[in-house]
Amino acid sequence: ETMNETLETAVVSGRGRVLPAAEEALMQQHLREENLPEAVLPACPVNRVLKGQKALVTGANSGIGRAVALALAHAGADVVVNYVSRPEAAEEVVREARRCGARVYAHRADVSKEAEVEAMFRRMVGEFGTIDILVNNAGLQRDAPVDEMSLADWRFVLDVNLTGQFLCAREAIREYKRRGVRREVSCAAGKIICMSSVHEVIPWAGHVNYAASKGGVMLMMKSIAQEVAPHRIRVNSVCPGAVRTPINMEAWGTPEAYRELMKLIPYKRIGEPDDIGRAVVWLASDESDYIHGASLYVDGGMTLYPGFETGG
């Protein structure tokens with residue numbers, strides 16, 4: 001397989017996504033019923049804007065993290081695929097990313113455990129020489145009404161979603177400050193992209209631990225960004241809205257569920273993991289060099305108070 005063949009494969013498999021027939025039919029059926037234009041997913045060319053850079057994506061063996069890891073590899077970065085369970089899924093991401101010509105390996109680490117995070121970064125610096133891009137993606141939910149939520153579930157979500165991002169950001173910043181700017185690779189000494197959520201600003205009843213963690217990510221990101229900016233370290237967040245992944249299928253998997261979900265999305269289509277991957281690549285590239293301390297909402301307009309679209 002030649003490099004050109006590899007890149008052509010990457011265009012088809014990673015950047016011009018074709019939905020499974022059932023998912024496509026469900027989306028288009030809803031649009032026809034609402035007398036709205038057909039939804040067409042973007043088909044974007046592969047631009048290797050991250051060539052020579054080294055990236056770490058936490059929680060990268062499924063869903064959004066998987067799409068982000070593959071998007072970074074398509075853009076030319078070498079990638080560490082972090083996971084905490086399902087090693088076979090992580091290895092599948094590694095195999096697909098290697099088809100882009102990237103150096104890739106999987107590393108198991110619980111991001112809420114300081115020693116495991118430190119060991120993960122030591123290995124990355126040992127194998128890749130440094131890190132240029134950290135995508136703090138690992139996150140989870142443990143939902144319950146607030147008066148029924150256990151302290152263990154509160155702590156578990158905050159430990160992974162917020163403390164895990166802090167621990168990884170701290171290690172990345174230490175390496176960025178040690179190494180400084182590599183002008184042949186990037187204008188910045190390093191980039192940190194925190195995966196937040198529309199729920200850093202939208203309250204979410206029944207999910208108080210998750211919403212609190214994402215609100216914390218927002219101000220953690222901005223505070224770190226303010227502190228490390230003079231060192232030419234860029235820190236931003238991506239805030240997904242409703243994104244189609246297997247774990248949230250009950251929110252979109254039937255015509256009735258899809259219709260209810262669309263009431264929250266002015267753009268009238270559900271997000272795809274590739275939508276998030278493209279946003280991360282842009283934030284990691286020098287094309288966004290003057291973007292710093294920003295929350296980028298990738299949500300089809302979910303944060304636009306859609307209940308008021310007909311006058312309230």
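We count residues from 1, following the sequence as given. What you see is a predicted model, and the numbers here were worked out from it, not measured in a lab.
Exactly one of Val238, Asn47, Ile291 qualifies for a side-chain contact (heavy atoms from CB on, under 4.5 Å) with Trp282. That residue is Ile291. Of the residues listed (Glu24, Glu23, Glu250), the one engaging Arg244 in a salt bridge (Lys or Arg N to Asp or Glu O under 4.0 Å) is Glu23, and it is the only one. In summary, of the residues considered (Ser288, Ser186, Ser285), a side-chain hydrogen bond (donor to acceptor under 3.5 Å, both in side chains) with Lys191 occurs for Ser186 alone.
With Gln28 contributing its side chain and Ala39 its backbone, the two residues share a donor-acceptor pair below 3.5 Å. Side chain of Arg108 to main chain of Val84: a donor-acceptor pair is present (N/O by atom type, distance under 3.5 Å, no hydrogens or angles). At distances below 3.5 Å, not a single donor-acceptor pair connects side-chain atoms of Ser112 with backbone N or O atoms of Asp159. Between the side chain of Arg232 and the backbone N or O of Cys187 there is at least one donor-acceptor pair closer than 3.5 Å.
With values rounded to the nearest 0.5 angstrom, Asn137 atom CG is found 8.5 Å from Gln165 atom CD. Here the CD1 atom belonging to Ile276 is positioned 9.5 Å from the SG atom belonging to Cys239, to the nearest 0.5 angstrom. One finds the CZ atom of Arg234 at 7.5 Å from the CD1 atom of Ile193 (value rounded to the nearest 0.5 Å). To the nearest 0.5 Å, atoms CG (Asn236) and CD1 (Ile192) are separated by 10.0 Å. Rounding to the nearest 0.5 Å gives a distance of 10.0 Å between CG of Asp147 and CE of Met149. Rounding to the nearest 0.5 Å gives a distance of 6.0 Å between CZ of Arg178 and OG1 of Thr130.
Counting only residues at least two apart or on different chains, no ring-ring contact (aromatic ring centres under 6.0 Å, His included) pair has a member in residues 76-95. Annotation: salt bridge (Lys or Arg N to Asp or Glu O under 4.0 Å) contacts involving residues 126-142, sequence neighbours excluded, comprise Arg123-Glu127, Asp132-Arg179, Asp132-Arg182. Each salt bridge (Lys or Arg N to Asp or Glu O under 4.0 Å) pair with one or both residues in residues 57-79, not counting sequence neighbours, appears once here: Lys54-Asp78, Arg66-Glu92, Arg66-Glu96. Within the structure, no pair that satisfies the ring-ring contact (aromatic ring centres under 6.0 Å, His included) test touches residues 142-162, not counting sequence neighbours.
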Item to complete: Begin with the C-alpha distance, continue with both residues' side-chain angles, and end with the deciding distance and a verdict on side chain to side chain contact (heavy atoms under 4.5 Å, CB included) for Val243 and Asp275.
Response: CA-CA 9 Å; Val243 175; Asp275 291 315; over 6 Å; no
Practice prompt. Give the C-alpha distance, both sets of side-chain angles, the deciding distance and a yes or no for side chain to side chain contact (heavy atoms under 4.5 Å, CB included) between Thr303 and Ile202.
Written response: CA-CA 7 Å; Thr303 46; Ile202 299 176; 4.0 Å; yes
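Transitive grouping of hydrophobic side chains (ILVMFWY, heavy atoms separated by less than 4.5 Å) brings Leu70 and Val68 into a common cluster.
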Side-chain donor-acceptor pairs of residues 213-221 under 3.5 Å, sequence neighbours excluded:
from	atom 1	to	atom 2	distance (Å)
Ser213	OG	Asn161	ND2	3.2
Ser213	OG	Tyr210	O	2.6
Lys214	NZ	Met195	O	3.0

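Partners of Tyr105 according to the ring-ring contact (aromatic ring centres under 6.0 Å, His included) rule, which considers only residues two or more places apart in sequence or in another chain, are Phe128. For Asp110, the salt bridge (charged side-chain N to carboxylate O under 4.0 Å, His left out) partners at least two apart in sequence or on another chain are Lys113. Under the rule for a side-chain hydrogen bond (donor to acceptor under 3.5 Å, both in side chains), the partners of Gln29 that lie at least two apart in sequence or sit in another chain are Glu33. Every residue two or more places apart in sequence or in another chain was checked for a salt bridge (charged side-chain N to carboxylate O under 4.0 Å, His left out) with Glu227, and none qualifies. Not counting sequence neighbours, the partners of His207 by the ring-ring contact (aromatic ring centres under 6.0 Å, His included) test are Trp204. Applying the side-chain hydrogen bond (donor to acceptor under 3.5 Å, both in side chains) criterion to Arg174, with sequence neighbours excluded, gives Glu171. Partners of His30 by ring-ring contact (aromatic ring centres under 6.0 Å, His included), not counting sequence neighbours, listed by chain and number: Tyr258.
Salt-bridge formation is detected for the pair Arg170/Glu118: a Lys NZ or Arg NE/NH1/NH2 atom is positioned less than 4.0 Å from an Asp or Glu carboxylate oxygen.
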